[in-house]
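Here the structure comes first, spelled out in structure tokens, and everything after it is commentary.
Proteins come first, then strands; the chains are lettered A, B, ... in the order of their sequence lines, and each starts at number 1.
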Amino acid sequence: MPSAPARVLSESEADPCAALWAAELPARHPLAIVAVPGVGFALAWPAGLAPGPVVLGLVAGPGEVGRHLAEIERRLGPRWVWWSSRPATQLALAARVRLAACWDLSAVHRLLHGGRRGDEPAVWAAAVGLPPPPPRGSTRPLRAVAGQLDLWDGTTMASGDDTGADAVLRAPVSAGADHADTADAGVGGEIGIDGDALRGDGQLDADWLARAPSAAQSLRRAARLAQLALTVHEHQTAALRRLADGRPQPGRTPLSVLTAWSESAAELLARELERDGLPLARPVAEALLDELIGPRPHTPADEHTARRRRDAPVLAHLPAPVDLRNPAAVRAGLRTVGIDVPDTRSGRLEPLRGAHPVVGALLAWRRAERIVTTYGHRWLDEHVGVDGRLRGAWHGSDGGAGRMTAQAGLHNLPADLRIAIVAEPGRVFVRADLGQIEPRVLAVVSGDTALARATHADDMYAPVAAHLGRPRADAKIAMLAAMYGQTTGSAGEALRRMRRAYPTALAFLDAADRAGREGRDLRTFGGRRIPLAPTAAAGAGPGAARGLTDPPPPDAQGDAEPTPQALIARGRFARNAVVQGAAAELFKAWAATVRIELAALDGDIVLCLHDELLVHVPRRHAEQAAGLLHRTLAATAAYWTAGSGVRLVADVSILHRWSDAPH
DNA sequence: TGCGCTACGTA
DNA sequence: CGTACGTAGCGCAG
């Protein structure tokens, strides 16, 4: 891609965005942004009327940045292109500007290539077809490494966050002559005066990125990076279109590109979820904890006595003291009262409740202990803000299947605690979950017309059962066995009938299973790469390289001959990933649309739970929000399930508290 | 301190 | 009736 003439403008001009308005970009036109907190930001856009990408470096204080972004969003409605949502959107998020459309180069990189790396040099190299550069700081754990994306997270910048930075920087940047000269030179790297971003071998220079720049230089770097972002965007778009060549839809945006949009939006949504959190009524949670585990301990001694008090009812049933927190000791203790079990899991002990009173006491103890250790007072203190919001980190796409994940227990909150998830005054929750999403998605992605017909029913297991001539329960088990791989033969006959009734769906799953066993990479319906090839690195170092390359499939070490058990596991992993992964993409496409449309109702998504959305809206808009959730699902299905004949269903309810949901 | 194991919560 | 993920406490190795 040719380097471009560039202009650097500043607040000293009457309208610093004049060049942007003059370009008259159509809506959703790519607009790259690289933010420099405390300084400003740089914009770049592909040629409209201008003869190449135009770069605009803008000096602005924190408040001004929000104002500019809001105005650009309102007047242009661009597709914001950024390297990574976290640094790029920091100021927009702080200003509560809801950006509608984006392209997250890091997220799309992971979509196209798999793995977890999303740092700029890796994204650049993959986009332009260079070998992956060595990761920086590869000994650090992944979660920490993610921080390296924050090139300008404030820590490298002495000037920080106040308007003082503005005053200092206004002079060098608005003086402008030096970069006007260099910028107008019009050949590669003209913007930078501290060396270029690209090395001789074409790689994005990690040292250049890491070098602590002066504030003025940082804007020029931002401008350069914004230009490079456009280049990556073009390469990624082309790669996604090539993926879709197998099923071209003339005149339509390919699903892979639509998936890039929604995966990018999911990252942005993740940032908003981190910012806003989930409403939690602390008094309700405290009361529940009090009931389950007693009053809050204030000293280590308190805590010790509370532990002993919780343990006592269980120990009373045993002849000798046992460390209840040590499963081996528990197993030994149970043997002293005549209960011999291979392990002490609740499912194992449940049937033995009648055998000895200790069993029931132990199970009750475990349940309470779970709350104490994981969702107790410490959890409240660490994750619930004074504003009554439960906050944790979110990932837009994680793991083998690319689901959203969340920390702080947001995705595994025990049902008992859901009474504490209460809408704020004047607001309600509207909850929507996709019914039987995985078998319906299987019908879409496999193109099985018989299975598609079954999805016309609200409960698709009913027609499947009728078709198989088996009870509904058998039909459901057979479906799950087919999708996720079965070990026991309890659904054997139903499964055999499934194979005859839905040969296309079963062939699709068998093909995925085979690819998993043979170590061939797969792609989901939306184009996400599922790495299944054995990873050479996995067997090498002491875990240092792990997580920075591809997440390896079960037991895929590359060196040793896989055991039969490992092969079965890989097959199941692949079988599951193509269904669960596609379902995750559908869910995010829906969520992305809901997010945009909720703005009109002053509503927010406050929780994403794989197939369930919880939105928080003013009470007066509850009915409209419910309608919105149905309507957006239909709009998403219109392209996602196009031509498959598959029907998607959502169950929507208006709630005061999450626990009021029907189940 | 880091890691594997057991256990359990959600979908 | 399997897959996915996050969290915690324990025991063990270093």
To the nearest angstrom, the CH2-C1' distance between A:W590 and B:dA11 comes to 14 Å
Of the listed C:dC1, C:dA8, C:dC5, the closest approach to the A:T373 side chain comes from C:dA8
Using the salt bridge (Lys or Arg N to Asp or Glu O under 4.0 Å) rule, take A:R517 and A:D513 through it: C-alpha gap first, then chi angles, then the decisive distance, then the call.
-> CA-CA 6 Å; A:R517 290 167 186 261; A:D513 194 295; 2.6 Å; yes
When rounded to whole Å, the CG to C1' distance for the pair A:D311 and C:dG9 reads 13 Å
Charged N to carboxylate O under 4.0 angstrom, A:R647 versus A:D458? yes
The reported gap from CG in A:L289 to CG in A:L417 (rounded to nearest 0.5 angstrom) is 6.5 Å
Phosphate OP1/OP2 of C:dG9: any A:N326 side-chain N/O under 4.0 Å: no
Fill in: A:F525 side chain near A:L586 side chain, heavy-atom distance below 4.5 Å
no
field: Presence of A:R325 side-chain N/O under 4.0 Å of C:dG9 phosphate oxygens OP1/OP2
entry: no
Here the distance between atom C1' of C:dC10 and atom CG of A:D323, to the nearest Å, is 8 Å
In whole angstroms, the gap separating C1' of C:dC1 from CZ of A:F573 amounts to 19 Å
In whole angstroms, the gap separating C1' of B:dA11 from CG of A:L607 amounts to 11 Å
Out of C:dC1, C:dG9, B:dT10, minimum distance to the side chain of A:N412 belongs to B:dT10
#### Entry: Check ion pair A:R391-A:D276 (N to O, under 4.0 angstrom)
no
Separation of C:dA4 atom P from A:M483 atom CE, nearest Å, is 15 Å
Between A:H610 and A:K476, the residue closer to the 5' end of DNA chain C by nearest nucleotide is A:K476
In terms of side-chain geometry, is the basic nitrogen of A:R116 or A:D398 positioned less than 4.0 Å from the acidic oxygen of its partner?
-> yes
Taking C:dC5, B:dA11, C:dT3 as options, the one with an atom nearest any side-chain atom of A:L609 is B:dA11
From the candidates C:dG9, C:dC1, C:dC10, the one with an atom nearest any side-chain atom of A:R378 is C:dG9
Item to check | Touch class at under 4.0 angstrom, heavy-atom based, for A:A406 against every strand present | outcome: sugar-phosphate
Looking at A:R296 and A:D290, is any side-chain nitrogen of the basic one under 4.0 Å from a carboxylate oxygen of the acidic one?
no
Within the 4.0 Å heavy-atom criterion, would you say A:A408 contacts the bases, only the backbone, or no part of the nucleic acid? sugar-phosphate
Check: OP1, OP2 of C:dG6 versus side-chain N and O of A:Q407: anything below 4.0 Å?
Finding: yes
Is the shortest distance from a Lys or Arg side-chain nitrogen in A:D604 or A:R275 to a carboxylate oxygen in the other one below 4.0 Å?
no
Contact class for A:L413 vs. all strands (heavy atom < 4.0 Å): base, sugar-phosphate, or nothing? sugar-phosphate
Regarding the side chain of A:N576, the nearest nucleotide among B:dT10, C:dG6, C:dT3 is C:dT3
Is there any protein nitrogen or oxygen under 3.5 Å from a nitrogen or oxygen in nucleotides 5-8 of chain B, and what are the pairs?
from: B:dA7; atom 1: OP1; to: A:T344; atom 2: N; distance (Å): 3.1
from: B:dA7; atom 1: OP1; to: A:T344; atom 2: OG1; distance (Å): 2.8
from: B:dC8; atom 1: OP1; to: A:S346; atom 2: N; distance (Å): 3.3
from: B:dC8; atom 1: OP1; to: A:R366; atom 2: NH1; distance (Å): 3.1
from: B:dC8; atom 1: OP2; to: A:S346; atom 2: N; distance (Å): 2.9
from: B:dC8; atom 1: O2; to: A:R370; atom 2: NH2; distance (Å): 3.1

Self-check item: Within 6.0 angstrom of A:H304 NE2, more than 12 heavy atoms from elsewhere
Solution: no
For DNA chain C, consecutive-pair runs of 3 or more (Watson-Crick or G-U wobble, both H-bond-type distances under 3.5 Å) give B:1-11 with C:3-13
Output for pair (A:D323 CG, A:L315 CG), nearest 0.5 Å, gives 9.5 Å
Rounded to whole Å, the CG-P distance (A:L532 to C:dA4) equals 11 Å
Between CZ of A:R403 and P of B:dA11 the distance, given in whole Å, is 10 Å
